[in-house]
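One structure is given here, and the rest of the page talks about it.
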Amino acid sequence: MFSLSVISINRNGKQSQVSVGGVKEMEPPRIQDFKDRISRQIPIFPNNRETRYHLQSLSLGELMVHALSWLSRYVIARPRKVHVPHKVLDHQKWKENQYRTLPLLRRFQKGETVIEFLSNEIKTRGLNLNYNITNKWKDKDFFLNAMGFHHFHLGNLSEGNHFADRTNEILFAEVQKKEVSVIGIYDHSVFESKSEKLSDERRRLWTDFESYRFGKLQPGKFYLQSMIATSGHPTHVVNLAQSYTHMIRTIDESLDDQDYLRDFLGIQNENVNSHFRFDWMLHFSDLYLIEKNQKLHILIEEGFN
């Protein structure tokens, strides 16, 4: 199970300074600790002190955008229904790779982890410090951000390996909380984007994307394609980061208020403050408030999948 690790909080009352809009603010200890843990978890490149320092210097809101952008590439293990359209079943690539595809789909149905079948770049490409307009996708998944599709390799899992064997053929699918919709199987030329002319596989994926998104629309309905910020982050990631930042700051400032805690936790205790030690945590893209003494995990908001 992947989650950002929980460590003890410095309870000496010291606060760290952060710069927000040119104004120095004092970050509360719980939030600073949360930021420190996130900035240590996000894989960076180049992997050096300068990049890590840059990450640690970001505001909570900026850091959440990078964290959620990276974590959106993961898939939480939970049982899901699997939908494979007839169009996919009839394609030659499905027929050729069905024997490798069905074990992966059974993992979805059983709620087993599928992280091993994702791109291995999720372990190394969380933040690219050398960002510019020509390489803004080096720390992001273009098809996930633009289409909402994860892609999975179809290789075997070997003992001792963190990822399944890499394959030329990959499966694209939309992964939702309760369902997986298979879009199709494509070869690696789907990632070719340097030339002005699209590869056949990339063109086929765009055609399948449009058919999937627009084919089921009823008269009078419309579909708004995912909007991408100039940084390459989709707006729904930015919006969730802003929402999490607001919730964390709003709730955190009230966690030392006894009346608030009694109402929040639904308990009656005169010295409620002395019994609890709270931390913030991301489990994949889900936001949790955890209480370490009682081992409580309070889900504040669900993330992407």
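Only this structure's heavy atoms are used, side chains among them; waters, hydrogens and symmetry mates stay out.
- The shortest distance between side-chain heavy atoms of Thr101 and Val84 does not fall below 4.5 Å.
- With contacts defined as side-chain heavy-atom distances shorter than 4.5 Å, the pair Asn293/Glu291 qualifies.
- Leu289 is connected to Tyr260 through a chain of hydrophobic side-chain contacts under 4.5 Å among Ile, Leu, Val, Met, Phe, Trp and Tyr, so both are in one cluster.
- Residues Val114 and Val175 share a single hydrophobic cluster, defined by chaining ILVMFWY side chains whose heavy atoms lie under 4.5 Å apart.
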Salt bridge (charged side-chain N to carboxylate O under 4.0 Å, His left out) evaluation trace for Asp33 with Arg37: CA-CA 6 Å; Asp33 179 75; Arg37 284 182 280 119; 2.8 Å; yes
Test side chain to side chain contact (heavy atoms under 4.5 Å, CB included) on Glu27 and Lys35; report intermediate values, then the result. CA-CA 10 Å; Glu27 222 34 309; Lys35 287 178 58 181; 3.7 Å; yes
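- By the criterion of side-chain heavy atoms lying less than 4.5 angstrom apart, applied directly or through intervening Ile, Leu, Val, Met, Phe, Trp or Tyr residues, Phe276 is grouped together with Ile298 in one hydrophobic cluster.
- Checking side-chain atoms of Ser57 against main-chain N and O of His54 turns up a donor-acceptor pair under 3.5 Å.
- Counted by atom type alone, Asp208 and Ser211 present zero donor-acceptor pairs between their side chains at under 3.5 Å.
- Aromatic ring centroids of Phe34 and Tyr244 lie 6.0 Å or more apart.
- More than 12 heavy atoms of other residues, nucleotides or ligands lie within 6.0 Å of NZ in Lys177, so this atom counts as buried by the packing criterion.
- Taking CG from Asp90 and CH2 from Trp94, the interatomic distance works out to 11.5 Å, rounded to the nearest 0.5 Å.
- The backbone N or O of Phe304 lies less than 3.5 Å from a partner atom in the side chain of Ser285, making a donor-acceptor pair.
- Between the side chain of Asp286 and the backbone N or O of Gly303 there is at least one donor-acceptor pair closer than 3.5 Å.
- Rounding to the nearest 0.5 angstrom, the gap separating the CD1 atom in Ile251 from the CD1 atom in Ile300 is 4.0 Å.
- A centroid separation of 6.0 Å or more is found between the aromatic rings of Tyr186 and His151.
- By the 4.5 Å heavy-atom criterion applied to side chains, Ser119 and Arg73 are counted as neighbours.
- Taking hydrophobic clusters as Ile, Leu, Val, Met, Phe, Trp and Tyr residues chained together by side-chain heavy-atom distances below 4.5 Å, Phe172 shares a cluster with Leu198.
- Ring-plane geometry between Tyr212 and Phe149 is classed as perpendicular, the angle between the planes exceeding 60 degrees on a 0 to 90 degree scale with a lower cut at 30.
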May I have the step-by-step check of side chain to side chain contact (heavy atoms under 4.5 Å, CB included) for Arg107 and Thr113, ending in yes or no? CA-CA 7 Å; Arg107 282 177 167 266; Thr113 179; 4.2 Å; yes
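- Taken from CD in Glu116 to CG in Asn161, the straight-line distance is 10.5 Å, to the nearest 0.5 Å.
- Taking both residues in full, the closest heavy atoms of Ile185 and Glu169 are given as CG2-CB, 4.0 Å, listed atom of the first, atom of the second, then distance.
- Residues Met147 and Arg213 come closest through the heavy atom pair O-NH2, 2.8 Å.
- Within the 3.5 Å criterion, the main-chain N or O of Phe143 finds a donor-acceptor partner in the side chain of Asp141.
- Salt bridge absent: Asp200 and Arg204 never bring a charged side-chain N and a carboxylate O closer than 4.0 Å.
- Side-chain contact between Glu96 and His91: absent, with no pair of heavy atoms (C-beta onward) separated by less than 4.5 Å.
- A donor-acceptor contact shorter than 3.5 Å is absent between the side chain of Asp252 and the backbone of Ile248.
- Using a 4.5 Å cut-off on side-chain heavy atoms (C-beta onward), Leu55 and Arg52 make contact.
- Put simply, the side chain of Glu179 never gets that close to the backbone of Arg80: no donor and acceptor are under 3.5 Å apart.
- Put simply, the side chain of Thr245 gets close to the backbone of Ala241: a donor and an acceptor are under 3.5 Å apart.
- The two atoms that bring Ser189 and Ser199 nearest to each other are O-OG, 2.7 Å, heavy atoms only.
- Between Phe152 and Ala173, the shortest heavy-atom distance links the atoms CE1-CB, 4.4 Å.
- With Thr51 contributing its side chain and Ile44 its backbone, the two residues share no donor-acceptor pair below 3.5 Å.
- Rounding to the nearest 0.5 angstrom, the gap separating the NZ atom in Lys87 from the CG atom in Leu89 is 12.5 Å.
- Cluster membership check: Val65 does not share its hydrophobic cluster with Leu60, using side-chain heavy-atom separations under 4.5 Å among Ile, Leu, Val, Met, Phe, Trp and Tyr.
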Does the side chain to side chain contact (heavy atoms under 4.5 Å, CB included) test come out yes or no for Val88 and Ile183, once each step is laid out? CA-CA 7 Å; Val88 176; Ile183 306 302; over 6 Å; no
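- Contact detail for Met247 and Trp280: the closest heavy-atom pair is O-CH2, 4.4 Å.
- Side-chain atoms of Ser254 do not come within 3.5 Å of backbone N or O of Asp257 as any donor-acceptor pair.
- With contacts defined as side-chain heavy-atom distances shorter than 4.5 Å, the pair His66/Trp70 does not qualify.
- Between Ile38 and Met64, the closest side-chain pair of non-hydrogen atoms falls below 4.5 Å.
- Rounding to the nearest 0.5 Å places CG of Leu171 at 12.5 Å from NZ of Lys93.
- Taking 4.5 Å as the limit, some side-chain heavy atom of Ile122 sits within range of a side-chain heavy atom of Ile115.
- Note on Arg100 versus Asp165: no salt bridge recorded, every NZ/NE/NH1/NH2 to OD/OE distance being 4.0 Å or above.
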Evaluate the criterion side chain to side chain contact (heavy atoms under 4.5 Å, CB included) for residue pair Lys197 and Glu192; output intermediate values, then yes/no. CA-CA 9 Å; Lys197 182 180 179 181; Glu192 295 177 4; over 6 Å; no
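- Looking only at atom types and distance, the side chain of Ser59 has a donor-acceptor partner in the side chain of Glu62 under 3.5 Å away.
- Each of Lys295, Arg30, Lys292 was checked for a salt bridge (Lys or Arg N to Asp or Glu O under 4.0 Å) with Asp279, and the lone residue meeting it is Lys292.
- Leu154 contributes atom CG, which lies 10.5 Å from atom CG of Asn168 (distance to the nearest 0.5 angstrom).
- Here the closest non-hydrogen pair linking Val82 and Gln109 is CG2-CG, 3.6 Å.
- At least one donor-acceptor pair closer than 3.5 Å links the side chain of Glu201 to the backbone N or O of Asp187.
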